[in-house]
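So you know, we letter chains A, B, ... as the sequences are listed, proteins then strands, and number each from 1.
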Amino acid sequence: MILIHCPYCDEQRPEIEFAYAGQAHIARPANPDSYSDEEWERFLFFRANPRGRHHERWRHTHGCGRFFNAVRDTVTDKFETTYKAGEPRK
Amino acid sequence: MSDNLARTEPVPFAPFIGEGISISLAVPMTRYSLRARQAQALETLLGVKVPKKIGATEEGIACLGPDEWLLRAPAGYNMVSGAGLPVSLVDISERAICLVVEGPRSAEILRTRCPLDLDKFATGRATRTIFETVEIILLRLGEDRFHVEVWRSFAPWLWASLTTAAHH
Amino acid sequence: MTRFSAFSLFAKALGAHKDWPEQWPDAAPKASYDAIIVGGGGHGLGAAYYLAKKYGITNVAVLEKGWIGGGNTGRNTTIIRSNYLYDESAHLYDHAVKLWDGLSQELNYNTMYSKRGVMMLAHNVHDIQSIKRHIHANRLNGVDNEWLTPQEAKAYCPPLNISPDARYPVLGAALQRRGGTARHDTVAWGYARAAAALGVDIIQNCAVTGIRRGTDGAVEGVETTRGYIASKRVGVSAAGNTSVVMQMAGLDFPLESYPLQALVSEPIKPTFPCVVMSNTVHAYMSQSDKGELVIGAGTDQYVSYSQRGALHIVEHTLAAICEIFPIYRRVRMLRTWGGIVDVTPDRSPILGKTPVKGLYVNCGWGTGGFKATPGAGDLLAYTMAKDEPHPINAPFNLDRFRNGRLIDEAAAAAVAH
Amino acid sequence: MSGYRLPAGGRVDRSKPVTFRFDGKTYQGFAGDTLASALLANGVTLFGRSFKYHRPRGVLAAGNEEPNALVSIHRGPGRFTPNLRATNVELHDGLNASSQNRWPSLKTDFGAINDRLGMFFPAGFYNKTFMWPRSFWERLYEPAIRKMAGLGDAPTENDPDTYTATYAHCDLLIVGAGPAGLDAALEASGTGKRVILIDEQDEAGGGALADPALWPWLERSMKALNAAAKVTILTRTTAFGYYHDNFIGAVERLTDHLPENSDGPREKLWRIRAGEVLLAQGAIERPLVFDGNDTPGVMLSSAAKTFANRYGVAVGKSLALMAVHDSGWHDVFALKKAGIAIAAIIDARTDVDGDLKAEAAALGISVHLDHSVIGVSGRHQVNSIEICANNGNARRTIPCDALLMAGGWTPSVHLWSHSKGSLKWRDDLGAYVPDQANENCRSIGACAGDWDFGKGAVFDVLPTLRDQARIKAFVDFQNDVTAKDINLAVREGFRSIEHIKRYTTNGMATDQGKTSNLNGLQIASTALAKAVPDIGLTTFRPPYTPQTFGALAGHAKGALFQATRTTNIDGWAEENGAVFELVAQWRRARYFPQPGEDMHAAVNRECRAVRGGVGIFDASTLGKIEVVGPDAAEFLNRMYTNPWKALEPGRCRYGLLLKEDGFITDDGVSARLAPDRFHLTTTTGGAARVLNMMEDYLQTEWPDLNVWLTSTTEQYAVIALQGPNARKLLEPLVQGIDLSPEAFPHMTVREGLICGVPTRLFRVSFTGELGFEINVPTAYGRALWERLMADGADYGITPYGTEAMHVLRAEKGFIIVGQDTDGTVTPYDAGLDWAVGKKKPDFVGRRSLARPDIVAAGRKQLVGLLTEDPNMVLEEGAQIVADPKQPVPMTMIGHVTSSYWSETLGRSIAIGLVANGHAIMGETIYVPMPDGVIRATVTSMVFYDPEGARLHV
C-alpha cells in the first residue's frame with residue numbers, strides 16, 4: 001500500500017484512501033465536434049503507458065475528495081511529486 | 001421534529017461497554033455540508049469563524065477539503081439560506097450517524113481497521129478517511145475520545161466491526 | 001530432436017540421463033531473418049512454431065530480453081476456457097481451446113492440459129442474467145457451457161459453500177467442462193523445442209532497443225542489445241511491454257499496463273477438483289497437479305511495471321476465497337508473485353496489422369492471455385505469413401477504437417477473464 | 001533410539017513435563033520444547049517422507065528453514081492443520097501430531113516405490129511422457145499424478161477460529177530479536193522513537209538462545225526493553241512481507257501454543273508502517289551436498305547446537321561433523337563440552353586455523369582434514385559414515401548416529417529482496433548480501449553478512465569417488481531435487497537459474513529454498529562454467545514463511561466480510577417476511593410472500609395491487625445527489641444528454657448520462673428545487689460511480705463553474721406510493737402541499753411536511769400509475785412506512801418488492817440501465833432519441849455518437865418482444881436468431897434483456913436488444929432453446945397504457 005502525498009491536505013496518506021484516475025493532462029477539447037475520428041480516438045483511448053516517469057491523476061476519494069496530479073516512476077512506483085489540479089505539468 | 005413519527009436508528013441505543021472502551025450512539029444533531037471557494041464567503045454568511053486548514057475544527061465546523069466543511073450543531077439549528085450566492089449549503093443531518101468511541105483503548109480499537117497514524121492525529125482534528133472498506137469521518141475530541149461519523153446504511157457493519165475489535 | 005516418450009526416458013535412465021540433448025539450442029542472432037518475433041512468451045514462441053510448421057517460414061528468430069516463458073506465461077494461474085459472450089471472442093478463444101486439445105502430442109511435450117472444468121459463480125440476480133446470457137450464446141456458437149443449480153455446483157466442487165446465509169450466496173453457476181488448466185512453463189518450453197527443431201532461432205537475453213523503418217515507412221529490422229537484426233516482418237508479442245516496444249516504431253497504443261498478483265498455497269492432498277471463478281466476490285482458484293491451491297487476485301489500481309503488488313489486494317482475495325471456501329482458512333499461503341498485464345479500453349486483445357508495414361502486434365490480453373496461447377500464436381503466424389488477418393482475428397484490429405466497434409466483454413457481462 | 005535428553009541445561013522447564021502424541025504414540029517432553037526437540041529427546045529419528053520419492057527423513061534444522069519434518073496437528077473439529085514444521089511447533093500438553101505423505105505408516109510407506117524407480121523420474125520427467133496413448137492422459141495418467149500430489153491432507157471442515165488484524169505505526173521497526181536486533185532496540189529505546197521489535201520465536205534472543213554464555217546479557221536486555229517507553233515487543237510474530245513505502249505485513253500467532261482452544265483470535269495480522277526498518281534476520285546454515293545427505297540423522301551443525309543448548313537435547317550418542325566452515329568446529333566443541341560424544345571432525349578444506357586444531361586436540365576429537373563424507377549408511381537413521389581423502393585415498397568407515405553439516409552461511413535477505421533492495425555477490429561467503437537499499441531500510445548483523453562464526457570455503461558438491469550422475473546428493477530435500485537433476489537441466493539447455501528452478505523445482509518447496517537456493521546456484525554455476533552472478537538469482541517474494549489464509553483475511557469473515565447496506569425500512573421488511581435480493585452493496589426486498597405463495601404468486605398479487613389500489617415500495621437505495629450553486633443548471637446541461645437550463649423550479653426531468661464513449665451509463669429522474677438547487681437521482685448501483693464521474697468533470701474540466709455536489713442518498717428515506725389510490729391515502733397526511741392534479745401534476749416536486757416531518761415530495765412514476773415518491777429524513781422512514789401501511793389498509797395498500805417493480809416498469813417500457821443496457825448501448829439503440837438534446841453543441845459522450853460504427857445501420861436496438869404463445873415466458877439472456885434452421889454456430893441477432901409474466905396483461909412480455917430492431921416491428925424472430933424454438937414478434941416496448949392516461953389523473 002503506497003503512501004501518497006495529497007497536495008491539498010499536505011499530508012502523506014495511505015493508498016486505500018485514494019482512487020487512481022488515469023493519465024494526467026489529457027484535456028477534453030472545448031469543441032469535440034472539431035475533432036476528427038482519429039483525434040477523438042486518441043483522446044478517448046490512447047495512453048502514454050511509459051516505463052518510468054508517468055504523469056497521472058489520483059483522487060483523494062476518502063479524504064478531501066480532490067483530484068490532483070502526480071509524477072510517478074512506473075518501474076519503482078515512487079512518486080517524484082504531486083501537485084494540484086490546474087497547476088502546470090511538472 | 002415530529003410529534004407523530006418516531007426515529008429508527010441503525011445501531012442499538014444501549015452503549016457497548018468493554019474493558020477500557022465504550023461505544024455509543026450520539027444524540028441526533030444537525031449537520032450541513034458547506035461548500036464555497038473561500039472560507040470567508042461562509043464566515044460572512046454564517047457569522048462564525050470557519051477553519052482554513054484541512055483537518056482543523058472550530059466551533060463545530062470541520063474543514064474536510066479545500067472547499068468543503070462539515071457543520072455539526074445541536075438538533076434544531078437554523079441554517080441561513082445561501083440562495084443565489086456562490087456557495088452550497090446542504091442539509092445532511094440524517095445522512096450519517098455518529099458513534100462515540102471513548103476510553104483508554106479507543107485509539108487501539110480504531111487502529112485495527114483505520115490506516116491513519118492516530119499518534120499524529122491530535123485532539124481537535126477531523127478528517128474523512130476509511131475504516132477497512134467503509135468511509136468514515138473521524139474526529140478526535142480528546143486523547144481518549146473520538147467521534148466516528150458513518151453513513152447510516154453502513155452503520156450496522158461499523159458497529160459490528162468496532163464491537164468485535166473491542167471484544168478481542 | 002530426440003523424441004520424448006516413456007521408452008526414451010527408460011533408455012536414457014539406464015545411462016543415468018547423461019545423453020539427453022539440449023531441448024533447444026542457445027542460438028546467437030544472425031544478420032537477418034524472414035520473420036522476427038519480439039517476445040519469447042508462449043504466444044510468441046507459438047507464433048514462431050506455426051510460422052515454421054504451417055506456413056513454411058522457418059528462417060525465424062524469437063527475441064527474448066530475459067529467459068523464455070519468464071513473463072506472464074510463467075506468472076499466471078493457467079486457466080483455460082472459451083465461454084465468452086460475443087461471437088468474436090467465443091470464436092477466438094475456442095480456436096485456442098481446440099488447439100490445446102492434442103497440443104502435447106503435436107509438440108511431443110506434455111503440457112498437462114487438464115479438463116477439470118471451469119465454473120463461474122452467480123451470487124445475485126444480475127449475475128444469473130449475465131451468466132444465462134453467456135450460456136445461451138455459447139450454446140448457439142457450439143461452445144460448451146451449462147447452468148448448474150447450487151446443489152449441482154456443490155456436487156461438482158464439494159468445498160464450495162452454498163449456504164444461503166453467506167454474504168454472497170451461491171445462486172448457481174456456469175460450467176464449461178472442456179475448460180481447465182495446463183502447466184504454464186511446459187507450454188513455452190514445448191513450443192521452443194518444437195520450433196527450434198524446425199529451424200527457428202530462440203535467442204534469449206536479447207532485448208529489442210529500436211525498430212528500424214525504411215524511407216517508405218516499412219519495417220527493416222530491429223536494434224537489439226546483441227546488435228542489429230534485419231527483417232521485413234516483425235511480430236510484437238510483448239504483453240505488458242508492448243507500449244514500450246511500439247514507441248520504438250513511433251506508435252502510440254491504446255494500452256495500459258497494470259500489476260496483477262497471484263498466489264499459491266502449500267501443497268495439500270487433492271481437495272479441489274476444478275477451477276472456480278467468482279467475479280462478484282472477485283477471486284478464482286484451482287489446485288495444481290503438485291497440490292498447491294492456485295489463486296488469482298485482482299489488479300492493483302495504478303499503472304506499473306514494478307511486478308510488486310500490494311498487501312491489501314492479497315488480503316481481499318484471501319478473504320473472498322475464505323468466504324466461498326471456508327474450509328481453507330487454516331491452509332497457508334506459500335508464495336505470491338506479480339505480473340504486468342496490458343489492458344485495452346475494451347478488455348479484448350489487439351491481434352493484427354499495425355499502421356506500420358511489416359509490423360504486426362499481438363497484445364492487450366489483460367489477465368486472460370494464457371488460455372489463448374496456441375490460438376494467438378497460430379493467428380499471429382497467419383497474419384504475418386499472409387500480411388492479412390485470419391477471419392477469426394480480423395475483428396480484433398486496431399481500428400475498432402476509432403470506429404467504435406468495440407468487443408467489450410467486461411461491459412457486457414461484468415465477467416473478468 | 002538415538003537422541004536423548006541431556007541431564008542438565010537448556011531453557012526448557014524440567015519442572016513442567018508435557019505429554020503429547022505423535023502418530024498415535026504418547027511421549028513426554030518439557031514446557032519450552034518444540035515438537036522436534038521433544039521427539040529427538042525421545043530418540044525419534046524418522047519424522048516424515050519427502051514429496052516425490054517418499055524417502056524417509058529426519059530433522060535437518062532447528063528453525064523455520066526445516067524442509068523435512070512437516071507434521072499435521074489435530075486440535076479437534078475444524079482445527080486440523082497440515083504442513084507445520086515440527087521445529088516451529090511449540091509443545092503443549094495434549095498436542096496431537098501426525099506425520100504426512102505416507103501410507104500406510106511412516107515406517108512402511110508404499111509410496112517409497114517411487115524411490116526405487118527414481119532413476120525413471122528425473123527432473124522434468126512428466127514433460128516427456130504420459131502422452132500415449134492420448135486417451136490415457138485424462139483417464140489414467142493425470143488422475144494418477146494428481147493422486148500423488150500434495151504433502152499434508154486438506155482440511156475438510158470449517159475453521160471455528162477467528163482471526164484479527166490491526167494497523168500499527170512506528171518510527172523504527174526492527175525485524176529479528178537476536179543480538180543485532182536487541183542491540184539496535186536498546187540503542188533506540190529512550191530516544192523518543194516509537195520502536196517495534198518483532199521476532200518469530202516464542203521468546204526474544206535469536207541465536208543467543210542457543211548460547212548460554214549470552215543468557216545473562218539477554219535477561220538484562222529484555223528487562224531494559226520491557227521497561228522502556230514506546231518500545232513494543234512482539235514475539236511469535238513473523239514479518240512475512242515487505243511492501244511499498246516501508247509497509248510490513250506480520251502475523252502474530254496467539255493461541256496455537258496453548259493447550260486449550262480459545263475464544264479469542266488465533267492469529268493477528270499486523271500491518272505496520274515504519275519510518276525506518278532495521279532487518280536483523282540472521283543467517284541460515286547451508287547443508288552440504290553429498291551422497292546420502294538426506295539420511296535421518298544428517299542435520300545442520302548449528303541445529304544440533306541449538307537442540308543441545310536451548311532444549312537440552314543431544315541429537316545422537318555419537319556425532320560426526322562434516323565441515324567446510326569454522327562454525328561447525330565451534331558447534332562441536334560446545335557439544336563436546338555439554339557431554340556429547342564426538343566421533344570425528346571431517347573437513348573438506350586442506351587446512352584450518354591452528355586454534356581450531358588445537359582445541360580439537362585438547363578435547364580429544366579426531367580430525368580428518370582434506371576429507372569428505374562419501375556415503376552414509378542407515379535408512380531410518382545414520383549408522384555410520386564413509387569418508388575418504390579428497391584425493392580418493394584413505395577410505396574408512398566411522399560409526400556414528402548423527403552427522404552434522406557445516407556448509408557455511410546464507411544471509412537471510414528475504415525481506416530485503418521484497419523491498420527491492422539490490423544484492424551483491426560475495427565470493428568469500430558464497431552468498432548474496434544486501435547492497436543498495438530501495439526503501440529507508442538497513443540490514444544489520446548476520447543478514448548483512450556480518451558475523452563472528454569464522455570463515456569457510458564454498459563447495460558445490462563434496463568430492464566423491466562415485467559417478468556423480470548416479471549418486472543421491474540432495475539439494476532441495478523436500479522436493480527431492482538432487483545435484484544430478486540440476487546438471488540434467490543444464491544439459492538440456494536450461495541456463496537461467498529461473499529456468500533451472502522451474503525445471504527441477506529446486507527452491508519451490510514449502511521452505512522456499514532457504515537451504516537449497518545457494519547450493520543449487522553453485523551447482524549450476526559449475527555446470528555452466530559461469531560465475532554465480534551471471535546465472536542470476538531467483539527473486540524472493542512474500543511471504544517469508546507460509547501464512548494462513550485466515551490471518552490474511554483477518555476479521556473479514558461472514559457479516560464482516562463486506563458491509564451489507566440496509567435501509568431504514570429494511571427491519572420492517574424482514575419482520576414481515578420479505579425475501580431479499582442483493583443489489584450492488586445493498587439488500588432489497590424482492591417480494592413479500594404471504595403464506596403459501598411462491599414468488600410468482602406474490603409478484604402477481606403485488607402487481608394487481610398497484611394497478612388496482614395502491615402499492616408501497618422502499619426506493620431509498622436510489623442514489624441522490626444535491627447539485628447546488630449558480631452554475632448548477634449549466635453543469636447538468638453539460639453532463640446529461642438533454643437540456644436542463646430551461647427547467648422550471650418545481651419540475652422534474654428524466655436525465656440520461658453517457659460515458660465519453662457514447663454508451664449509456666446511468667439514468668434517473670431529477671428535480672429543480674430552486675434556480676440554483678437540483679435534486680438528482682441515480683440508479684442504486686450507479687450512485688458512487690456517477691458522483692465520482694461528475695466530480696471528475698467538475699474539478700478537472702470545468703473548475704470555473706460555481707457548483708458543488710453533495711451525496712444525499714442516505715439523507716432521505718424514499719417511499720414510493722403507486723396506484724390509483726395513492727393520492728387519497730397521502731392527502732390527509734401532508735401539510736403545505738396541494739396534491740390536486742392541477743396544482744401538483746406528473747413530473748413535479750413540492751416541499752412541505754408529512755406527519756409533521758419535512759418532505760420533498762415527488763410526483764413521479766416508475767409504474768405507469770399515479771405515483772408519489774416521498775423523501776423524508778432517513779430516521780423517520782420506517783415510522784412513516786408503518787403509518788402509511790396502517791392508514792392504507794382501507795385502500796388495499798400492498799408492499800411490493802423489486803421484482804414487481806421490474807414487471808410494472810417493463811409493462812410501461814421503462815428500461816433498467818445495466819439490465820436492458822450493458823455498456824454497449826447508445827441512446828438511439830435504446831430508443832431514447834427524445835432524451836438527447838439535438839440543439840446542444842456538446843454534452844458528455846456526444847462526439848462519440850458520430851463515430852462510424854455508431855451511426856452504421858444494423859445496430860442492436862431495444863424493442864418489445866411478444867411470444868406467439870402468450871403463456872410462454874422467455875428466459876432472460878436467451879439469444880435471438882432470424883433463422884432457427886441454420887447450423888451451429890448460428891448467427892445471433894440479439895438477446896432477451898428483460899422478460900416477465902404480466903399479470904396486468906394476462907400474458908408474457910419481454911424486452912430485447914435486436915439487430916435493426918426498430919425497423920423490423922411486427923416481424924417474427926426466433927429464440928432457439930435446448931428444448932425447442934420459441935417464436936416471438938417484435939413490437940413496441942410500451943405494452944400498457946401507451947397514451948399515459950393513467951399517469952395524468
(message) Under a 3.5 Å threshold, yes or no: a donor from one side chain and an acceptor from the other, between B:Ser153 and D:Arg565?
(response) yes
(request) Name the region of B:Val90, side chain, backbone, both or neither, that has any atom closer than 4.5 Å to a heavy atom of chain D. (result) both
(request) Tell me, for B:Leu116 versus chain D, whether the close heavy atoms (under 4.5 Å) come from the side chain, the backbone, both or neither. (result) backbone
(request) Name the region of B:Pro156, side chain, backbone, both or neither, that has any atom closer than 4.5 Å to a heavy atom of chain D. (result) side chain
(message) Tell me whether B:Asp117 is salt-bridged to D:Arg194, with the criterion being a basic N under 4.0 Å from an acidic carboxylate O.
(response) yes
(request) Examine whether an atom of D:Thr566 lies under 4.5 Å from a heavy atom of chain B, and if so say whether it belongs to the side chain, the backbone or both; otherwise answer neither. (result) both
(message) Can you tell me which portion of D:Leu709 sits under 4.5 Å from chain B's heavy atoms? Options are side chain, backbone, both or neither.
(response) backbone
(message) Need one label for D:Phe247: side chain, backbone, both or neither, based on atoms under 4.5 Å from any heavy atom in chain B.
(response) neither
(request) Examine whether an atom of B:Ser33 lies under 4.5 Å from a heavy atom of chain D, and if so say whether it belongs to the side chain, the backbone or both; otherwise answer neither. (result) side chain
(request) Sort out for me which of D:Trp586, D:Trp270, D:Tyr716 touches chain B most, counting heavy-atom pairs under 4.5 Å. (result) D:Trp586
(message) Are D:Glu626 and B:Asp91 packed together at the side-chain level, in the sense that at least one heavy-atom pair is separated by less than 4.5 angstrom?
(response) no
(request) Please report the shortest heavy-atom distance between D:Ser711 and B:Arg95, naming the atom on each side. (result) O-NH1, 2.7 Å
(request) Compare all side-chain heavy atoms of B:Trp157 with those of D:Gln562 and state whether any distance is below 4.5 angstrom. (result) no
(request) Please look at B:Leu85 and chain D and tell me whether the side chain, the backbone, both or neither of the residue comes under 4.5 angstrom of a heavy atom of that chain. (result) backbone
(request) Can you measure from CD (B:Glu94) to CG (D:Asn568) and round to the nearest 0.5 angstrom? (result) 9.0 Å
(request) Using the six-membered ring of D:Tyr167, assess whether NZ or CZ of B:Arg113 lies under 6.0 Å from its centre and within 45 degrees of the ring axis. (result) no
(request) May I ask you to decide whether D:Arg271 forms a salt bridge with B:Glu132, counting only side-chain N to carboxylate O separations under 4.0 Å? (result) yes
(message) Can you tell me which portion of D:Leu705 sits under 4.5 Å from chain B's heavy atoms? Options are side chain, backbone, both or neither.
(response) backbone
(request) With a 4.5 angstrom heavy-atom cut-off, could you sort out which part of D:Ala674 is near chain B: side chain, backbone, both or neither? (result) neither
(message) Is B:Thr164 in contact with chain D via its backbone, its side chain, both, or neither, using a 4.5 Å heavy-atom distance?
(response) side chain
(request) Evaluate the side-chain contact (heavy atoms from CB on, under 4.5 Å) criterion for residues D:Thr162 and B:His168: first the C-alpha distance (whole Å), next the side-chain angles of each, then the deciding distance (0.1 Å), finally the verdict. (result) CA-CA 10 Å; D:Thr162 58; B:His168 282 160; 3.9 Å; yes
(request) Look up atom CD1 in B:Ile109 and atom OG1 in D:Thr166, then write down how far apart they are to the nearest 0.5 Å. (result) 10.0 Å
(request) Any chance you could measure D:Phe561, atom CZ, to B:Thr133, atom OG1, to the nearest 0.5 Å? (result) 9.0 Å
(message) Tell me if a side-chain donor or acceptor on B:Arg111 pairs with a main-chain N or O of D:Ala168 at a distance below 3.5 Å.
(response) no
